[in-house]
Amino acid sequence: MKQLIEQLVASALAALPPDVLPEGLSARPEVERTRDAAHGDFACNVAMQLARAAKRNPRQLAQAIIAALPPSGLVTKVEIAGPGFINFFLSPAAYAAEIARVHAEGADYGRGRLAKPARALVEFVSANPTGPLHVGHGRQAAVGMTLASLLAYAGYDVAREYYINDAGRQMDILAVSTWLRYLEACGEHLPFPANGYRGDYVKDVAARLLAAEGEALRHPATAVLAALPPDEPQGGDKDAYVDALGLRARHLLGESGYRRVFDFALGIMLADIREDLGQFGVTFDRWFSERTLETDGAIDRALARLERQGQVYVKDGATWFHATAFGDEKDRVVVRENGQKTYFASDIAYHLEKRERGFDLLVDVLGADHHGYVARVRAGLEAMGEPGDCLEAPLIQFVSLFRGGEKVPMGKREAQFVTLRQLRAEVGNDACRLFYLMRSHDQPLDFDLELAKSRSSDNPVYYIQYAHARVASVLRQLADRGLPLDLDAGCAAVATLEDPHERALMSAVTRWPEVVALAAAQRGPHMLVHYLRDLANAFHTYYNALSFIVDDAGLRNARLALVTAAQQVLKNGLGLLGVSAPESM
RNA sequence: GCCCCGGUAGCUCAGUGGAUAGAGCGGCCGCCUCCUAAGCGGCAGGUCGCAGGUUCAACUCCUGUCCGGGGCACCA
């Protein structure tokens, strides 16, 4: 509908004589929904934009534009208001046609098309597979998944990806932790490292390792602990201690034995994460292994490309990337003194690889604590000759859980560590997804557990779902009374609906395609939630004000056509959010 | 010190340069012989942190500043 008005304005501008509007003036007319019904349905600000350049006062110019508007049966009235707004009043027929479109397009109503086709890769969660996902990852999962769905709905060709950090030191620490728990299960007595993974899940992994391998990986505690540096509680360095343990493990187990432990732990953790996310309705097109960057030569390709562009130099035995030349605050090491490539080298290699696969837009959904990473990777992309602005990195702020007004203590150090699984079990997937998406991602989230569980009007999940279920209930009532629903007749008769509640609901329903386009452009899935709440509110208000199942068949069908259109849009919206649209509650 | 994100109603937060800044919760007052009251309506509640600037128009953009949170490794 917005497009319709935009086209009218554009042709009016083109038709204006040069003495009114000098040629060559650039204007980008903005057409927007009005807030107040007294201002019509849409307003355009172009007259105010062009007034100065055209050397005319805005209202005068607006008058000229209105005079040049091509006639349209879909617009009943055009007014000049305020400082020079042009207000458009749509005819009932315009709304009726749009409501008919909702029914015709169904699940595709609101789907957009890009002016130019583009492929987007949304990478999200990508948590180290060293333990179960926690509530912070849950937010990244919900936001990433819905952002990807939203971009796809808006017309992007989208792929979802999880980057597995399976080559780093953290994974070595997990392997060591698992092995130590395994040795304990074998009956050895050893202290657990201060920097190890202490969670009970490691004991579970160890128990399964024991079941799979028997005691083949067992070594006496004395051999494991011999001549190690002191751990932190003994006044030593916890990092040095755990790394020394890692070397010891490799030595005693041999490279292949160590690999077995490492890969076993990795496999179980990854399977756990995949299952957790799957149950949460979050899926990926690809799980990308960091290790393959090395084996496939992607890192070498990236380094070679940097070198070809003259962006690397050697200092102190290490190879550095000249990141400051691309806006980063300091230069970055890509190959260490000891010849090992850094994690940063993997990062830029991975992003170059994404570009090589043909993605135009790279979206990295990251935790807020990763913000320093963005400038670096962008600098790397630019240095390799890729456009820096192809990378976008929405930073997801932290989640705090509240129970009865009290903040729930979290953090890996405390034992009270709350996992995504626990949260989902407590409040359910629907409330979980919606609460995660309610706030803008750059706003810290206070997650109220009691509210999420409450089956009351306070809870936005139920409020929106209830609107959907209520329509289903009305249709059941209709069937119970033996009345048919004639959608074609209803759509045709929508133009006869004149009650303000009806106009408000039509306005809300037909806004959906605009909301999708805006939310996608802004990368703001939370806008969908706010819109759906508004739509549900317009419906509930209408429901309270008027009966739908009335004796007059024409009126009845018209109202039901409108209400089922609202139901369709609610369903489309909830679908994007990954929240169910129940038929009854 | 540098970088990122916030600062809008008592609380939690929306707000794509436009008209009188919105919603939910909390408070107060109303609405079911009627399609689910898991709902609806009304009232009260604001110097949009502060100061400049750009603009026909600033909560929105720019600069500075104060406050809160996070980040600044040859870790991953």
Side-chain angles (χ1 to χ4, degrees), chain A residues 30 32 34-36 38-39 43 45 47-49 51-52 57-58 81-85 87 128 130 165 167-173 239 290 315-320 328-330 332-338 340-344 346-347 367-375 393 395 397-398 402 405 438-446 448 451 454-463 465-467 469-478 480-481 514 517-519 521-522 524 526-527 529-531 533-534 536-537 539-550 560 563 584-585:
Chain A
E30 286 164 29
E32 50 190 22
T34 57
R35 189 165 302 181
D36 187 341
H39 296 143
N45 64 357
M48 290 178 290
Q49 270 185 22
R52 174 182 280 224
N57 86 50
F85 289 103
N87 290 339
N128 284 342
T130 53
N165 297 114
R169 177 168 170 267
Q170 295 307 317
M171 278 308 301
D172 283 313
I173 297 177
D239 289 307
E290 178 188 354
K315 191 183 87 181
D316 303 333
T319 307
W320 296 71
D328 197 3
E329 53 187 3
K330 54 190 287 190
R332 305 288 171 179
V333 172
V334 285
V335 183
R336 284 178 218 144
E337 198 176 353
N338 63 13
Q340 256 192 323
K341 287 150 192 163
T342 62
Y343 188 80
F344 173 65
S346 301
D347 280 339
D369 53 339
H370 281 64
H371 97 85
Y373 161 106
V374 182
L395 299 172
Q397 298 296 319
F398 296 136
F402 284 80
M438 248 183 343
R439 304 294 177 224
S440 166
H441 63 75
D442 49 20
Q443 190 76 229
L445 176 65
D446 289 342
D448 186 333
L451 178 61
S454 79
R455 303 176 69 79
S456 77
S457 57
D458 311 354
N459 187 340
V461 185
Y462 288 104
Y463 187 84
Q465 289 183 321
Y466 183 37
R470 251 186 166 173
V471 179
S473 173
V474 168
L475 295 180
R476 282 193 296 273
Q477 284 285 330
L478 189 75
D480 286 350
R481 298 187 199 181
E514 296 154 36
L518 181 64
Q522 303 283 315
H526 70 286
M527 291 177 169
V529 180
H530 289 280
Y531 164 76
R533 221 220 150 262
D534 288 346
N537 178 249
F539 168 76
H540 287 309
T541 302
Y542 180 31
Y543 180 95
N544 256 267
L546 299 166
S547 290
F548 311 148
I549 305 178
V550 292
L560 290 173
V563 159
S584 67
M585 295 178 72

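In what follows, every chain begins at residue 1, and chains take the letters A, B, ... in the order their sequences are listed. Values below: all heavy atoms of this structure, side chains included; hydrogens, waters and symmetry mates excluded.
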Any donor-acceptor pair under 3.5 Å joining the side chain of A:Asn87 to the base of B:A19? yes
Distance-only donor-acceptor test (3.5 Å): side chain A:Asp442, base B:G6: no
In Watson-Crick or G-U wobble terms, both distances under 3.5 Å, what is the partner of [N]?
{"N": "B:G27", "value": "B:C43"}
{"N": "B:U20", "value": "none"}
{"N": "B:G52", "value": "B:C62"}
{"N": "B:U36", "value": "none"}
{"N": "B:C2", "value": "B:G71"}

For the pair made of [atom1] in [X] and [atom2] in [N], what is the distance, rounded to whole Å?
{"X": "A:Tyr373", "N": "B:C4", "atom1": "OH", "atom2": "P", "result": "18 Å"}
{"X": "A:Met438", "N": "B:C25", "atom1": "CE", "atom2": "P", "result": "13 Å"}
{"X": "A:Phe344", "N": "B:G71", "atom1": "CZ", "atom2": "C1'", "result": "17 Å"}
{"X": "A:Tyr531", "N": "B:U16", "atom1": "OH", "atom2": "P", "result": "17 Å"}
{"X": "A:Arg481", "N": "B:C35", "atom1": "CZ", "atom2": "P", "result": "7 Å"}
{"X": "A:Met585", "N": "B:A37", "atom1": "CE", "atom2": "P", "result": "13 Å"}
{"X": "A:Arg336", "N": "B:C75", "atom1": "CZ", "atom2": "P", "result": "4 Å"}
{"X": "A:Asp480", "N": "B:C34", "atom1": "CG", "atom2": "P", "result": "16 Å"}

From C-beta outward on [X], which listed nucleotide comes closest to its side chain: [options]?
{"X": "A:Gln522", "options": "B:A76, B:A38, B:U16", "answer": "B:U16"}
{"X": "A:Arg470", "options": "B:C4, B:A73, B:U36", "answer": "B:U36"}
{"X": "A:Met48", "options": "B:C75, B:G70, B:C56", "answer": "B:C56"}
{"X": "A:Ala43", "options": "B:C35, B:C74, B:A19", "answer": "B:A19"}
{"X": "A:Tyr543", "options": "B:C4, B:C35, B:U16", "answer": "B:C35"}
{"X": "A:His371", "options": "B:C5, B:G71, B:A37", "answer": "B:G71"}

Would you call A:Arg332 and A:Asp328 a salt bridge, taking side-chain N to carboxylate O under 4.0 Å as the test? yes
Is [X] near enough to [N] that one of its side-chain N or O atoms lies under 4.0 angstrom from OP1 or OP2?
{"X": "A:Asn57", "N": "B:C56", "answer": "no"}
{"X": "A:Ser547", "N": "B:C35", "answer": "no"}
{"X": "A:Gln49", "N": "B:G18", "answer": "no"}
{"X": "A:Arg439", "N": "B:G6", "answer": "no"}
{"X": "A:His540", "N": "B:A37", "answer": "no"}
{"X": "A:Thr541", "N": "B:G41", "answer": "yes"}

Keeping [X] on the side-chain end and [Y] on the backbone end, is there a donor-acceptor pair under 3.5 Å?
{"X": "A:Ser473", "Y": "A:Ala469", "result": "no"}
{"X": "A:Asn45", "Y": "A:Met48", "result": "no"}
{"X": "A:His441", "Y": "A:Leu395", "result": "yes"}

Taking only the C1' atom of each, what is the distance from B:G15 to B:C56 in whole angstrom? 22 Å
Say you pick atom P in B:G68 and the same atom in B:C75; how far apart are they, in whole Å? 33 Å
May I ask you to say what A:Ala81 touches in the nucleic acid, namely base, sugar-phosphate or nothing, with a heavy-atom cut-off under 4.0 Å? base
How is A:Ser440 classified with respect to the nucleic acid when contacts are heavy atoms under 4.0 Å: base, sugar-phosphate, or nothing? sugar-phosphate
For A:Tyr463, is the NZ or CZ atom of A:Arg533 found under 6.0 angstrom from the centre of its six-membered ring and inside 45 degrees of the ring axis? yes
What I want to check is whether the side chains of A:Arg439 and A:Gln443 have a donor and an acceptor closer together than 3.5 Å. no
Just by distance, with hydrogens left out, do A:Asp36 and A:Thr34 show a side-chain donor and acceptor under 3.5 Å apart? no
Near-parallel close stack of A:His39 and B:A19 base (under 5.5 Å, under 30°): yes
Would A:Phe85 pass as stacked on B:A19, i.e. its ring centre under 5.5 Å from the base's six-membered ring centre and planes under 30° apart? yes
Residue met sooner reading RNA chain B from 5', once A:His530 and A:Ala318 are mapped to nucleotides: A:His530
Starting at the 5' end of RNA chain B, which residue's closest nucleotide do you reach first, A:Tyr343 or A:Thr34? A:Thr34
Just confirming the chi classification of B:C31, syn or anti, using 90° around 0 as the syn window. anti
A:Tyr373/A:Phe344 aromatic ring centres below 6.0 Å: no
